[in-house]
Structure formats: C-alpha cells, structure tokens
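A quick write-up on the structure given underneath.
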Amino acid sequence: MELDLSNLGTMNTMFAALFSKLGVPIKTSISPYVLEEAINGTVTIRPLPLGRPVNDRVEKQSAHFYGVTISEEQAAAGIVVRVISHAHSKFKLLYFEQEENSGLGLALQEDSMKTGKVTSAGMYFLHFQVYRLDMSMNVLALAKDPDGSFFKKLEGLQPCEVSDLKAGTHVFAVYGDNFFKSATYTIEAVSAESFKDSAEKLKSVEAQLLSKRNELKQFETEYKEVLARFTAVTNRFKEEKVAVDELLKSREKIQASFSMVPQLKKHSSSSNLGTPTSDDKAGTSADESPGESRDKNTKKRWFSMNLKAEKKAH
C-alpha cells in the first residue's frame with residue numbers, strides 16, 4: 001500500500017511518521033493534485049542547465065519542475081540527474097514524458113534514501129541497463145528473519161525502465177515527501193561525457209552485484225544446512241554436559257555410602273557448640289575425675305589457711 005499524505009489527517013500523519021522513525025517502511029504516493037497539474041500542463045517549469053546545481057526548498061506534498069535541454073552529442077554521451085539533501089529531507093525525484101495534449105505524464109520516480117551523511121536519489125541514462133535498489137524489501141526481510149536478512153539484501157535490485165534520453169528538453173521534478181516540514185535539496189544534471197570512468201565503474205560494479213545475488217541464493221541453502229547442524233550439535237553439547245555432571249554427582253553419593261560411620265548433621269553439631277554443659281557451669285573439665293576435683297579443692301583451702309596464719313604472726 002501507498003499512503004497519500006495529502007489526504008491524511010494530522011493524527012494519522014503523526015502515526016505514520018512515528019512508524020517511519022521506528023524503521024517501518026512507509027511507502028508514500030504522489031499527491032493527485034500534483035499529478036493532475038502536470039497532466040493539464042499547468043505547472044511552472046524552470047530551466048536546469050547541465051553542470052549548474054540548484055539549491056531550493058519545496059513544501060511537503062508539492063513539487064518543483066525543471067527542464068533539462070540536451071543536444072545530440074550530450075544525449076549520445078548520457079545524462080545523470082541527482083538530488084541530495086544535507087538536511088536528511090525525504091523527497092522523490094520524478095521524470096515526466098510529454099503527452100499528446102501537451103501535458104506531462106509520470107514515467108519514473110525514485111524515492112530518496114540515506115547514503116552516508118545525506119539523503120539522495122538519482123536517475124542514470126547511460127545507454128546500458130542501470131539498476132535501482134529498493135531498500136524497503138530489506139527492511140521487511142529483516143523483520144521476518146533477522147539472521148537470514150543478509151541473503152535478501154540484494155533482492156531489491158530492480159532494473160530501471162528507461163536507459164537513455166533523446167535530444168530535446170526533458171522534465172524532472174523534486175517532490176517534497178516529508179511528513180510535516182518542507183524539504184531542502186540540491187538538484188544537478190550533468191553530462192556523462194566528463195564521467196566516462198565513473199560510468200564504466202558503475203556498469204562493472206552492478207554486474208558484480210547481480211552475480212553476487214545469484215551466488216547468495218546458492219550459499220543461503222548451504223548456510224542454513226550448516227546452521228541447523230551447528231544448532232543441533234550445540235544443543236547436544238549442553239545435554240551431554242548436564243548428563244555427565246549428574247552421573248558424577250551420583251557416583252560420589254554411591255561412593256560415600258560405603259561407610260559404617262554415621263554422618264553428622266550440621267545443625268546438631270552447631271547447636272551443641274553454643275550450649276554450655278553442666279561441667280562447664282561447675283568450672284570443671286569433662287576429662288577430670290571426681291577425685292582430682294576434690295584434691296584441688298583441698299589444696300586451695302590449705303593454701304588459704306597458711307596465708308591467714310602468716311598474717312597473724314606479723
């Protein structure tokens with residue numbers, strides 16, 4: 001589904017913005033009012049010379065239209081149109097084709113995406129097949145299977161419908177796609193004649209990405225098989241560890257059972273340590289016999305009597 005923000009109320013727009021902040025892919029549609037104006041040919045088209053960037057601000061759910069005029073030589077070399085926003089604004093880059101009634105019909109659109117420190121969108125008319133990356137497919141794959149989302153990372157590579165432009169004037173537009181505020185942007189159209197090396201590198205790296213996408217499909221099957229085997233082995237390791245520990249404990253108990261010595265209980269021994277015996281109260285030791293105790297008492301009395309007699313003599 002695509003949401004038309006121009007027809008949403010404030011509360012619904014707030015919910016959509018919140019979900020977007022949380023990472024939910026919210027795909028928005030272009031306001032019917034903007035498309036109707038383009039079809040009727042009532043839009044204002046500003047010139048965009050090649051190699052001259054334009055900085056501007058577009059209101060939400062509104063569009064700025066630009067006309068790019070190219071010669072035969074420039075058309076043969078290829079044209080690139082890019083839009084960036086250092087404010088991380090959300091926008092759409094649109095390409096319109098001329099209709100028979102002098103109106104403009106929407107032919108291509110590219111949603112902005114975060115690339116490094118900016119948000120950007122671009123269209124590349126380089127006479128070879130160029131691909132666009134739909135990041136919303138990656139977000140959905142991540143939500144369904146976080147571990148396997150890597151294998152779906154290149155599934156969003158989709159071929160662009162138009163690969164070249166003819167000589168003449170071509171109309172592009174920047175559509176403000178923020179939820180509440182206007183979008184700041186810089187739009188630029190350049191001839192690929194000065195970027196032949198970059199064009200060849202783009203062609204090469206996208207061919208490698210397509211090849212890598214096919215390789216990942218095969219590798220995904222191998223990865224899942226090995227992952228399943230690894231999970232099974234890990235679970236068995238945990239089970240075997242628990243089983244061995246239980247057997248060792250059982251063995252210790254059985255070994256301890258080969259004894260006639262009664263096992264002392266911890267609570268009875270500790271309670272005995274804190275309770276004084278009758279012998280302790282009497283001041284005698286349990287190892288002393290009754291006779292030894294009487295001898296000690298007699299010696300004490302005799303010693304006391306001698307001390308008293310000495311004191312009287314003095």
Please confirm whether the backbone N or O of [Y] pairs with a side-chain atom of [X], one donor and one acceptor, at under 3.5 Å?
X	Y	result
Arg213	Leu157	yes
Ser120	Thr115	no
Ser257	Ile254	yes
Glu97	Leu104	no
His88	Lys117	yes
Glu225	Glu222	no
His127	Ala76	yes

Lys NZ or Arg CZ of Lys92 over Tyr175 ring: under 6.0 Å, within 45°: no

Below 4.0 angstrom, N of the basic side chain to O of the carboxylate: do [X] and [Y] qualify?
X	Y	value
Lys224	Glu220	yes
Lys203	Glu206	no
Lys212	Glu215	yes
Lys241	Asp245	yes

Kindly compute the distance separating [atom1] ([X]) from [atom2] ([Y]), expressed to the nearest 0.5 Å.
X	Y	atom1	atom2	value
Glu193	Ser191	CD	OG	6.0 Å
Ser85	Asp177	OG	CG	12.0 Å
Phe96	Ile45	CZ	CD1	9.5 Å
Ser211	Leu154	OG	CG	10.5 Å

Linking I/L/V/M/F/W/Y whenever their side-chain heavy atoms sit closer than 4.5 Å, directly or via other members, would [X] and [Y] fall into one cluster?
X	Y	result
Phe150	Tyr223	yes
Leu133	Val130	no
Ile39	Val43	no
Leu227	Phe151	yes

Does the side chain of [Y] come within less than 4.5 Å of [X]'s, by heavy atoms?
X	Y	answer
Arg132	Gln158	yes
Val190	Phe195	yes
Arg251	Glu246	no

Pair listing, salt bridge (Lys or Arg N to Asp or Glu O under 4.0 Å) test, anchored in residues 47-68, at least two apart: Arg46-Asp56

Candidate pair Asp197 and Lys201, rule side chain to side chain contact (heavy atoms under 4.5 Å, CB included), full reasoning: CA-CA 6 Å; Asp197 186 50; Lys201 288 181 179 179; 3.2 Å; yes

Step-by-step side chain to side chain contact (heavy atoms under 4.5 Å, CB included) determination, Leu209 to Tyr131: CA-CA 10 Å; Leu209 286 172; Tyr131 294 82; over 6 Å; no

Derivation and outcome, side chain to side chain contact (heavy atoms under 4.5 Å, CB included), residues Asn235 and Thr231: CA-CA 6 Å; Asn235 292 337; Thr231 303; 3.8 Å; yes

Cluster companions of Val68 among Ile, Leu, Val, Met, Phe, Trp, Tyr (side-chain spacing under 4.5 Å): Leu48, Leu50, Val54, Val58, Tyr66, Ile70, Ile79, Val81, Val83, Phe91, Leu93, Tyr95, Leu108, Met123, Phe125, Val162, Leu165, Phe172, Val174, Tyr185, Ile187

If you take all heavy atoms of [X] and [Y], which pair is closest and at what distance?
X	Y	result
Ala183	Gly176	CB-CA, 4.3 Å
Ser112	Thr119	CB-CB, 4.4 Å
Ala87	Thr184	CB-OG1, 3.3 Å
Gln129	Cys160	NE2-O, 3.0 Å

CD/Gln255: more than 12 non-hydrogen atoms of other groups inside 6.0 Å: yes

Heavy atoms from other residues, nucleotides or ligands near NE2 of His86 exceed 12 (cutoff 6.0 Å): no

Worked verdict on Glu200 versus Lys196 for salt bridge (Lys or Arg N to Asp or Glu O under 4.0 Å): CA-CA 6 Å; Glu200 290 299 322; Lys196 290 183 178 180; over 6 Å; no

